[in-house]
Structure formats: structure tokens, C-alpha cells
Amino acid sequence: EAITVGELANRMAERGADLVKALFKMGSPVTLTQTIDQDTAELLVTEFGHRIKRVSESDIDIQSTEDVDAPETLQPRPPVVTIMGHVDHGKTSLLDALRGTDVATGEAGGITQHIGAYQVTVKDGSKITFLDTPGHEAFSEMRARGANITDIVVLVVAADDGLRPQTIEAINHTKAAGVPMIVAINKIDKPEAKPQKVREELLQHEVIVEDMGGDVQDVEVSALKKTNLDALIEKIQLQAELLELRANPDRDAEGTVVEAKLDKGRGPVATILVGRGTLRVGDVFVVGAESGKVRALIDDKGRNVKEAGPSTPVEVLGISGVPGAGDPLTVVENEARAREVAAYRAGVIQQKRTTAAPASLESMFSALREKQAIEYPVVVKADTQGSVEAIVGALNKIGTEDIRVRILSAAVGGITESDVVLASASRAPIIGFNVRPNAKAREIATRDGVAFKYYDVIYNLTDEIRAGMAGQLGPEA
Ligand code: GDP
């Protein structure tokens, strides 16, 4: 029995892009719509089962490899969208404008609540979920924690300003995650807007829009004048259709913490984005190292609701403490079980904090060998554009048939928080050529176990990486 990659992704409640990536690493480059045989499918399920286990490092983990939803249980679910782009290019304005397109807001009489994500109902009745924290850092931080909740990225570029450093960072983070992108060329109302120039600049970063013969959708909008928002929504819907996003709503809920806080009046409150199943008032759950019983569910319009299905963001009350963003929520059978799993996880988290060692190049290579990965991700920062180009050129040349360097980002400047978050999400080291990390970057790197490698001579850099690759591939390479 053959199954398409997209279908299998749905049944495993994993992102299609992650499966495609895993398959690529296993040596079978296929697309979402292509079929794979039973054996390959089983391999993937095992691989991802192991991965889930590794993430929580729990022997009594509640998510098991058999936990795959049968195809007949799957139903379409709304896409989850994150907006990224350079500061002041209009991310917040666009989020607000899109929120204003919700046809359900008026009739429901609700008042907009900022809970970390919101859902709009489009004219045709379908829904789209937007994460309310724009930017690539939050996105990659979630990803580093194993929470791949974004289906589609909308990249905002101001037409009067063009591509700026954070635009390029956003492109790198999106590509590293394998999430499809739609470009919203904003501020088109301004007389000095040059949308075509934006398309040309994108080309230099290998983002090729349809007009230029590529497959990235783009749309000219004005968040200020609310121009062309319908067209943007249509493109999101089109992209969502291609992804065939589906989930089983009729099972115990699983979700991810988008945002959490201690509320003076209400106690610990977390916004959960439901991944699969339906979360209901009265459900007993574990979330991160906390547990609880759903006392109330409040939607993004401030209304009490009884339940929330796949892709729906909802505030949950009744948690023992404040979980972290990116923590998974899982409904379990009873409170004793919830406390048991939560206590276990708390122990694991504590242990992890005290034993986390930075990933060395060597451990990176051995991890790669185990996974038979053929890509070695790195983040490159250097002192001049000339060095960046020389390093990129040199790194691209040292690949072999079995393994090659994948440059997630290469830029001029000191090592920043954004670089560390990007590296962490892809388990990559950061190569600093005549540059060093700032204090914040250092702090996050220590927390997340990201390694820095400093060089001031290019051939030392390439030699070390080449030697590492060769050593790990063994005599047959
Ligand atoms: P963010 O930093 O990316 O979230 O950007 P903001 O949404 O805060 O917008 C930055 C500035 O650009 C604000 O002064 C907005 O009013 C303005 N702005 C946003 N979108 C548009 C637009 O479509 N046209 C014009 N003319 N100004 C815009």
C-alpha cells in the first residue's frame, strides 16, 4: 500500500516539510505529493517516533509511534501563518489589518483579545490562524524547542525600502525550516514604492517570485490603506490547499503553548494552539512540566468556549503553573497520570539544564552519521563582505557525494541573538571569522548548547571541517 508524503505527514501530525527533509536525508528526494512504499513509511514513523522520544527524553512518554491517525479520521484544518520582515516594514500593521478582515468578529460581539494568536474567518467561511508574535526569532526559538507550528510564512517587505538585514534573516530562517513563503510587498500606497525592485532583490537571495519564473507567490498590499488584503488571503488559501493540511479532530487533544503568563486574577494562563484532537473544558492534561484540568477556554475574541479543534488558538485556565512557549500540551486519561508525567518531565528538564553541554563539531558529525544525514548545517559570520564570499565559496567546494555543508546564513557582523537562534533550531555550529558573539548571543548559546568556532585564516576553517567530514564518513568515503 502506497501513501503520499503529505498524507503520511497528516497522519503523523508532523509537518510535510519535515518529512520531505528526513526522506532527503535518507537518500530519497521526493515531494509532498509523491507516494512512498510501506517500508519507507514505517522507517519514517520510527524515525519521527524516536525523535519525539528524544525531544522529551521520557521513558513514559505519552506520544508513541503507533499514535498515527487513520486516514478516514482526517479532516481539513486551517493553515497557521507567521508574519516576518524587517522592523518598520509593517508586520504589526498587517497583522492588525488582517485581523480586521474577520467576518465573524462583528456578529459575535466579541472584543479583540491579544492572546498570542488569532483566527479569522474568511468570506467563504474558511479560517486562517495567525501567530501574533511577528518575526523570525520567536519562530526559530519555537522550532528549537521542537514546536513546528507554522505552516506558511508571510514575508513583509516595504516597497519603499526594499530588502534589509532582517528581511534576509527572515528568508534564512524560513528556508532553514523548510516552510513555504508568500511575499507581501507592503506600503504600495507610497509614491516612492518600487515593487519590481523588491522582486529583483529577492532574486539575489534565491527567492524567485512567479513573475520571475519561480514558484513563490507575491502580492502588493498596503496594510495602512487595507489594499489587496483579499488577494493576500487568497494566496494563503492557495498555498494551504497545496499543503493539504489535515488533522483528526476526534481524539484527545495535543497542542503547543504559544504564550503563557501568570495572571493576577486568573492564575497561570496559557494560549494553546491545538494541533490535533479537540480540547474541551474538563479535560485533564500535561503541559511541559505542569499539569491541570481545563477550567475554562477563552477564544481570541474574549468569549468562553466549550471546545477548540485543530489549528484553533485558545486560552486555557486551570494549569498548575506557567509553562514555557513551545511546550507541548497533551490530554491524558486522569489526574494521577497527569501529575506522574509532569513530575517526570520536571525531573528531566532539571537534569537537562545541569548537564547540557555545547555541541562540538565532533558530536555534530557523529550525530549526523547516526542519522545518515548528508547535510552539515553552519551559520557563518565574518568581518567583511569579502571574507563572507570567500568562506561561502570555500565551504561549498568541500562537499562530497555523501555529505555537504549547508550554509543557513552567511553575513557580515558580530554574532547576534538571531544567529544563535537560527543555529540552535537546526543544531548547527556558528563559525565566526574575525568576529565574536555579543553578550546576549553568548548567553543564549550557553543555554541552548550552540557551539562557536572562531577562525582568522580561511584554510584553517575549511581544513577542520573537511577533516571532520572525512573522519566521520569512514574509509568507504
Ligand atoms: P513593524 O515594525 O514591521 O511591525 O511595522 P509597523 O506595522 O509598526 O509599521 C511601521 C510604520 O510603517 C508605521 O508607522 C506604520 O503606520 C507604517 N506602515 C505600515 N504599513 C504601511 C503601509 O501599507 N503604507 C504606509 N504608507 N505606511 C505603512
Side-chain angles (χ1 to χ4, degrees), residues 80-102 105 112-120 122 128-142 149-150 152-175 177 179 181-202 205 207 209 211 216-236 258-259 271 300 313 325 409 411 413 416-419 421-422 440:
V80 178
V81 178
T82 292
I83 295 188
M84 296 187 193
H86 194 74
V87 63
D88 280 345
H89 278 199
K91 298 181 293 295
T92 313
S93 307
L94 192 60
L95 273 166
D96 288 346
L98 287 164
R99 194 197 297 265
T101 64
D102 187 6
T105 307
T112 300
Q113 306 287 314
H114 285 266
I115 64 169
Y118 66 87
Q119 198 172 57
V120 297
V122 183
I128 302 175
T129 301
F130 291 93
L131 294 178
D132 223 349
T133 320
H136 50 273
E137 288 178 7
F139 169 83
S140 282
E141 243 160 47
M142 293 283 265
I149 53 179
T150 300
I152 298 167
V153 165
V154 169
L155 179 74
V156 180
V157 187
D160 61 337
D161 200 22
L163 263 64
R164 307 278 291 137
Q166 286 164 22
T167 319
I168 294 156
E169 285 177 11
I171 291 170
N172 291 333
H173 283 242
T174 305
K175 282 187 175 170
V179 175
M181 184 193 305
I182 296 168
V183 181
I185 304 178
N186 191 31
K187 309 199 185 185
I188 204 71
D189 58 289
K190 287 194 157 187
E192 60 271 38
K194 293 193 185 67
Q196 194 55 23
K197 187 156 168 268
V198 171
R199 295 187 184 95
E200 282 158 19
E201 287 175 354
L202 285 167
H205 294 274
V207 176
V209 300
D211 269 6
V216 176
Q217 303 189 83
D218 71 295
V219 54
E220 295 179 11
V221 297
S222 163
L224 192 73
K225 305 264 190 238
K226 304 192 177 15
T227 314
N228 241 355
L229 298 179
D230 285 354
L232 174 57
I233 284 170
E234 260 171 45
K235 299 208 181 235
I236 293 172
V258 172
E259 197 176 279
T271 297
D300 55 348
S409 153
T416 65
E417 187 180 352
S418 168
D419 298 320
V421 170
L422 174 63
K440 184 79 189 160

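The shown structure was predicted, so the numbers you read here are calculated from the model rather than taken from an experiment. In each ligand, atom 1 is the first atom listed, and ligand 1 is the first ligand listed. Note: hydrogens, waters and symmetry copies are ignored here, and every other heavy atom, side chains too, is used.
- Looking only at protein heavy atoms, the nearest one to atom 4 (O) of ligand 1 is Thr92 OG1, 2.5 Å.
- If you check the side chains of His86 and Thr167, you find no donor sitting under 3.5 Å from an acceptor.
- In this structure, a donor-acceptor pair under 3.5 Å is absent between the side chains of Ser93 and Asp96.
- With a 4.0 Å cut-off on non-hydrogen atoms, Asp189 touches ligand 1 through its side chain and not its backbone.
- Checking only distances, Gly90 does come within under 3.5 Å of ligand 1, N or O to N or O.
- Residue-ligand proximity, His86 to ligand 1, at heavy-atom distances under 4.0 Å covers atoms 3 (O).
- Each of the following atoms of ligand 1 lies closer than 4.0 Å to a heavy atom of Lys91: 1 (P), 2 (O), 3 (O), 4 (O), 5 (O), 7 (O).
- The minimum heavy-atom distance linking Val198 with Gly162 is given by the pair CG2-CA, 4.2 Å.
- Checked by atom type, the side-chain pair Thr129/Gln119 shows a donor-acceptor distance below 3.5 Å.
- The minimum heavy-atom distance linking His114 with Glu259 is given by the pair O-OE2, 4.2 Å.
- Ion pairing between Arg199 and Glu220 holds under the 4.0 Å rule for side-chain N and carboxylate O.
- Only the backbone of His89 comes within 4.0 Å of ligand 1, judged by heavy-atom distances.
- In summary, the atoms of ligand 1 found under 4.0 Å from a heavy atom of Lys190, numbered by their order in the structure, are 26 (N).
- Ligand-side atoms of ligand 1 in range of Asp88: 1 (P), 2 (O), 3 (O), 5 (O), 10 (C), 12 (O), range being under 4.0 angstrom from any heavy atom.
- At a 4.0 Å heavy-atom cut-off, ligand 1 touches Leu224 through backbone and side chain alike.
- Note that CG of Asp300 is 8.5 Å distant from CD of Gln113, once rounded to the nearest 0.5 Å.
- Considering only non-hydrogen protein atoms, atom 23 (O) of ligand 1 sits nearest to Ala223 N, 2.9 Å.
- The protein atom (non-hydrogen) at minimum distance from atom 7 (O) of ligand 1 is Ser93 OG, 2.5 Å.
- Protein non-hydrogen atoms do reach within 4.0 Å of atom 15 (C) of ligand 1.
- Taking 4.0 Å as the cut-off, Lys225 does not count as a neighbour of ligand 1 on heavy-atom distance.
- Considering every non-hydrogen atom in both Ser222 and Asn186, the closest pair reads CA-OD1, 3.5 Å.
- Remark: side-chain polar atoms of His89 are not paired, donor with acceptor, to backbone N or O of Val157 under 3.5 angstrom.
- Among all protein heavy atoms, the one lying closest to atom 17 (C) of ligand 1 is Lys187 NZ, 3.9 Å.
- Using a 4.0 Å cut-off between charged side-chain N and carboxylate O, Arg99 and Asp132 make a salt bridge.
- The protein heavy atom nearest to atom 20 (N) of ligand 1 is Asn186 ND2, 3.2 Å.
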